[in-house]
Amino acid sequence: MINSTDYIKDKVRGSNRRALLLGGGMAAVLVTLGFRSHFLQVREAEKFRLLAEENRINLRLIPPVRGEIFDRNGILIAGNEQNYSAILIRDGIKNLEEVLRNLQTILLIPDEEIAILKGQILKNRPLIPITVAERLTWKQLSRIAVNSPALPGVSLEVILTRYYPRSTDYSNIVGYVGPVNEKDIKKMEEDFINGLLSDKNPLLEIPNFQVGKTEVESKLDRQLRGLVGVKRVEVNALGRVMRDLDRDESVNGPDIKLTIDTKLQNFVQARLEGISASAIVMDVINGDLLAIGSTPTFDSNKFVNGISFKDYNSLIENPYRPLGNKAIQGSYPPGSTFKMAVALAALEAGVVEPNEKIRCTGYIELSGRRFHCWKRSGHGNVNFHDSLKQSCDCYYYELAQRLGIEKINLMARRLGLGEKHDIPMSLVQSGLIPSKEWKVRRRGEDWRIGDTLNTAIGQGFVLSSSLQLAVMTARLATNRAVKPRLVKTFAGLELDPEAFSPLGVRSENLLRVQTGMYDVINSSTGTAYGSRIESQKMNLAGKTGTSQVRGISRSEREDGVALNEDLPWKQRDHALFVGYAPFKSPRYAVSVIVEHGGSGSAIAAPIARDIILAAQHDALPPLSAYPESQQARISSAFSKMVLTDPSEILTVKN
Amino acid sequence: MSYMEINSGHAPSGFSKILYLNWPVVLLLCAISCIGFLMLYSVAGGSVNPWLVPQVKRFIAGMTVLFFIAMTPIWFWRNVSGVFYLGSVLLLVAVEFFGETGMGAQRWLDLGFIRLQPSELTKITTVLFLAAYYDRLNLEQTSKLLWVLIPVIIIIIPVFLTLRQPDLGTALLILLGGSAVIFLAGVHWSYFAAVISLVGALVVVVLKAQNTKWALLREYQYNRIETFLYPSSDPLGTGYHITQSKIALGSGGLNGRGFMQGTQSRLNFLPEKHTDFIFTTLAEEFGFFGGLSVLLMYAAVIIFCVLSALSNKDRFSFLTIMGVSIIFFLYFSVNMAMVMGFAPIVGVPLPLISYGGSSMIVLLCAFGFMQSAHVHRLR
């Protein structure tokens, strides 16, 4: 018999009370929880619903297609190329090591790069796509496609990248694009503050987005970029897109046609090959820049892809400075090409009669200093016409003294020298036309009469670029205030050429200058007679210039001035030439500057003749236009020139 | 007079016992579990995989065990409660040595046929053993210091072992559940007053000890406490859970977004959406009314349990029923307080709704004991 107390024990007295107490406590907690959920879900519901939407919806940017750049005839200069990239998403890859190893064998990636990639992959969240290889060749592409089972998580993506089919001819005109850097973002912010941008352009946040870095690509970057589109997508917590909600399409950048003629540009570059030089060909009627040559040049595509350290260094260390357009960015003493400005100023001011003879003994003495003419023996008695033809320095020393610097300055400016012309290229130079006020302000010194004399022959402080000299020549040829232009059409719209205002000089005075320039080339005593054009339809008027870059001491002068060839390259004279053709009805202006090239008549004038003939004859100078005695030599020189086959030009857009 | 004799006229026997089960509680448990099934179907994006099917299997297994335990006389369970307690403590020790690590904690023991979380088991065995202890103890000795120390040790051992895993939530549940049983057994008030003031002091010490070499908690535990106190300080880092949980909950509004329409959980903004944070999904999809209904169902379970305990004259039965209901209460109240931003994230599932085998089966076992006590009560 088992005692019942073995099985049951009565409850402790008061335990029910305690149980009720605990129950009450639990009830209190429950009520609290109820109120809390009421607070969160009813009273604060709006706030949390908003937060939830923010969580859920993400804005994705749709990059626009960058506007393409064409030459005046619709030949592609800067286009967008479809490129395949291999993308890796770590999420879902079981064995990353193995995938990377397979990738390495397929694409032949060096070990170090694999190590960098691996670090990059592991650093980012699993769903962030990492570009493992860019610009895949067809062979690489097909190898990845075939081996896709061995490459889980690797996918191919099409992206548009910039490419320059005629890069070396145009690298110093259109420049290049590159990835966004701190500087670009800072510039964007400045533009925003200055009111140039209506809102901060979110484009720059797009990964792999490319912006213009130099020249036209940089100066017209805001237009070429286009407008960003926005896509609202629903994303999960890891950032994976679940579905598109709505989208606001992007607006592609407008296409642009430049005024450049590709064939002529190609000829100019080829003609300047091997020297450090620049040249401009300009249409004097409408100001179109038909060619802007600058050598040496480089392959702008290398910058788009990310230039190698070695390549970049070789560009930087090249003494001929391939980076930067010399025709626009280079400022040189214009030398005798400046004499037209002085001559015209003197005629306009009436300080000299055209027939008045001024004696040249080879030098003049002024306040104890000698100012030499380039011809040591002197030119004898020189009138206005001969002064240009023979480029007599003494004549211009005299004119300078009669004119004074201010009148020279005014005429030079009227001819477009010392002016920063408005074309969309990097570092457009304003050059320098000195004045008394300028010297006091910048140098803290008073103007001296010697400064005026030096200015009169384009030496001393005067600096000009090829572009400015071409503009000056165009103005002398037309008696109009021609302005250069580089953009012909914008988004398919032809930009109306400006109607240029008259230059405001008396035409008989201008005609005297023009006739002088004609005889520089076409008179047997002219400085550039060797570079004449026989064809009356294409004949040339112009002016040579040889500008010193070093001072010549009296003792050196007495011992005989060293020949250019005996000097180090950096100390040789610059060779310049400006000209226009045809003489009767001017159409093209040309300016050529060969850095440290030697004499203008021997070096620059022949180049200018070839170029202006090319401009007038569909980029191929006709042999018949040359003097018969020179034809054999010219022909053999042309046969050595490497020109791009016109049939290679593929894309034509109207 | 034997118990059998006492009860021969009253105690049900055989299959008729089924009629004497506390059916409201059984039905409520089923209903809550069904809500859980719905939610698991929803968070899986409208799929029975990967969570719903295993959960249903476990529910069926758990209900079977519940009925089996309920059919067995309560005094049998009283007699084996010591063995249960010892067994579960040994399993906890085994976890220490052979446990599998998951989510930064050693909690699981792989027994080959089942992956067991012994800490879950311990909650219920501790309560049972304490009830048995007080069942044996003479009433006069209840408040004697020595006899108070023994149950304290009984509690401290599993608390210590679970803390080492580390599993703060379970340790807290065992501690509070055990203390509640001691309290119900009639231990003098003064002990509780003393312990509460001591704990208060300890909390201060623990918080002060952070970043010293005497730090009493792991860094992540400190982080959880810190983010609980200041969730907005680091909304994407350690405060992420609390912030996102409140966003999901709050965005549900009064009526909710509708079944399967919860954006926050579907898009994975919610951490552990199928386990500890399942209530947020529920509240997002069914709104304030849905959440409140679940809360009321839980409350109803507690009410039925307390009523059953009050009407039960047997000391062991009373303590068991109350212990089970308190453990159950602690489960859901700590979980809800946690997701509503009222308590630090301590890793306590929402009972019967959260996905998880151990807690589902252990809870249904616990209610088996409660039912056994109910069926075999003195009438």
Side-chain angles (χ1 to χ4, degrees), chain A residues 1-58 127 233-243, chain B residues 1-6 75 134-136 139 142 180 183-186 243-244 246-254 256 263-264 266-271 283-284 287-288 291-292 295-296 298-299 302-303 306 309-310 312-316 318-319 322 325-326 329 333 336-337 340-342 378:
Chain A
M1 186 90 178
I2 308 159
N3 193 317
S4 70
T5 52
D6 287 351
Y7 296 97
I8 35 171
K9 293 236 172 73
D10 283 341
K11 279 192 286 191
V12 180
R13 260 185 50 228
S15 61
N16 272 0
R17 208 173 55 216
R18 289 193 177 199
L20 284 172
L21 199 71
L22 269 184
M26 292 194 265
V29 172
L30 286 173
V31 169
T32 314
L33 288 176
F35 274 111
R36 175 66 170 174
S37 97
H38 182 265
F39 172 78
L40 288 176
Q41 297 198 270
V42 182
R43 289 186 44 200
E44 296 277 273
E46 270 312 301
K47 175 183 138 195
F48 286 117
R49 197 171 272 269
L50 262 169
L51 286 172
E53 289 297 296
E54 272 175 32
N55 253 347
R56 180 169 80 93
I57 292 163
N58 225 337
L127 273 165
V233 292
E234 189 178 87
V235 294
N236 70 5
L238 295 170
R240 179 179 278 162
V241 177
M242 306 310 278
R243 63 190 164 120
Chain B
M1 200 163 60
S2 78
Y3 182 80
M4 295 300 275
E5 285 168 293
I6 293 166
W75 50 88
Y134 280 108
D135 193 58
R136 273 204 175 243
L139 279 178
T142 312
F183 174 73
L184 289 165
T243 312
Q244 292 299 334
K246 275 159 69 177
I247 289 176
L249 212 82
S251 67
L254 203 59
T263 58
Q264 300 300 293
R266 196 161 48 75
L267 299 173
N268 278 327
F269 285 105
L270 284 172
E284 192 192 359
F288 172 66
L292 196 67
L295 194 66
L296 289 177
Y298 281 129
I302 300 293
I303 290 167
V306 171
L310 292 176
N312 202 314
K313 297 192 181 74
D314 178 48
R315 198 191 299 169
F316 177 74
F318 168 78
L319 289 176
M322 282 306 290
S325 60
I326 282 162
F329 168 78
S333 59
M336 284 187 182
M340 290 180 192
F342 259 3
L378 274 178

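These numbers come from the heavy atoms of this one structure, side chains and all, not from hydrogens, waters or symmetry mates. In what follows, chains carry the letters A, B, and so on, assigned in the order in which the sequence lines appear, proteins first and then strands, with residues in each chain numbered from 1.
Among residues two or more places apart in sequence or in another chain, the ring-ring contact (aromatic ring centres under 6.0 Å, His included) test is passed with B:F288 by A:H38.
For B:A309, the part lying under 4.5 angstrom from a heavy atom of chain A is the backbone only. With a 4.5 angstrom heavy-atom cutoff, B:L292 touches chain A only via side-chain atoms. For chain A, the nearby parts of B:L249 are the backbone and the side chain; heavy atoms of each come within less than 4.5 Å. Proximity to chain A involves both the backbone and the side chain of B:L310, based on heavy atoms less than 4.5 angstrom apart. With a 4.5 angstrom heavy-atom cutoff, B:M336 touches chain A via backbone and side-chain atoms both.
The greatest number of non-hydrogen atom pairs below 4.5 Å with chain A, out of B:L295, B:L139, B:T142, is found for B:L295.
In terms of heavy atoms, B:F318 sits closest to A:A19 at CZ-CB, 3.8 Å. A:A45 approaches B:G253 most closely through the heavy-atom pair CB-CA, 3.9 Å.
Here the CD atom belonging to A:E46 is positioned 10.5 Å from the OG atom belonging to B:S251, to the nearest 0.5 angstrom. Atom-to-atom distance recorded for B:L184:CG and A:N16:CG is 9.5 Å, nearest 0.5 angstrom.
Of the possible polar contacts, one joining the A:R18 side chain to the B:F183 backbone as a donor-acceptor pair under 3.5 Å is found. In this structure, the side chain of A:R36 engages the main chain of B:M340 through a donor-acceptor pair within 3.5 Å.
Contacts between residues 28-35 of chain A and chain B, defined by a heavy-atom separation under 4.5 Å, are made by A:V29, A:L30, A:T32, A:L33, A:G34.
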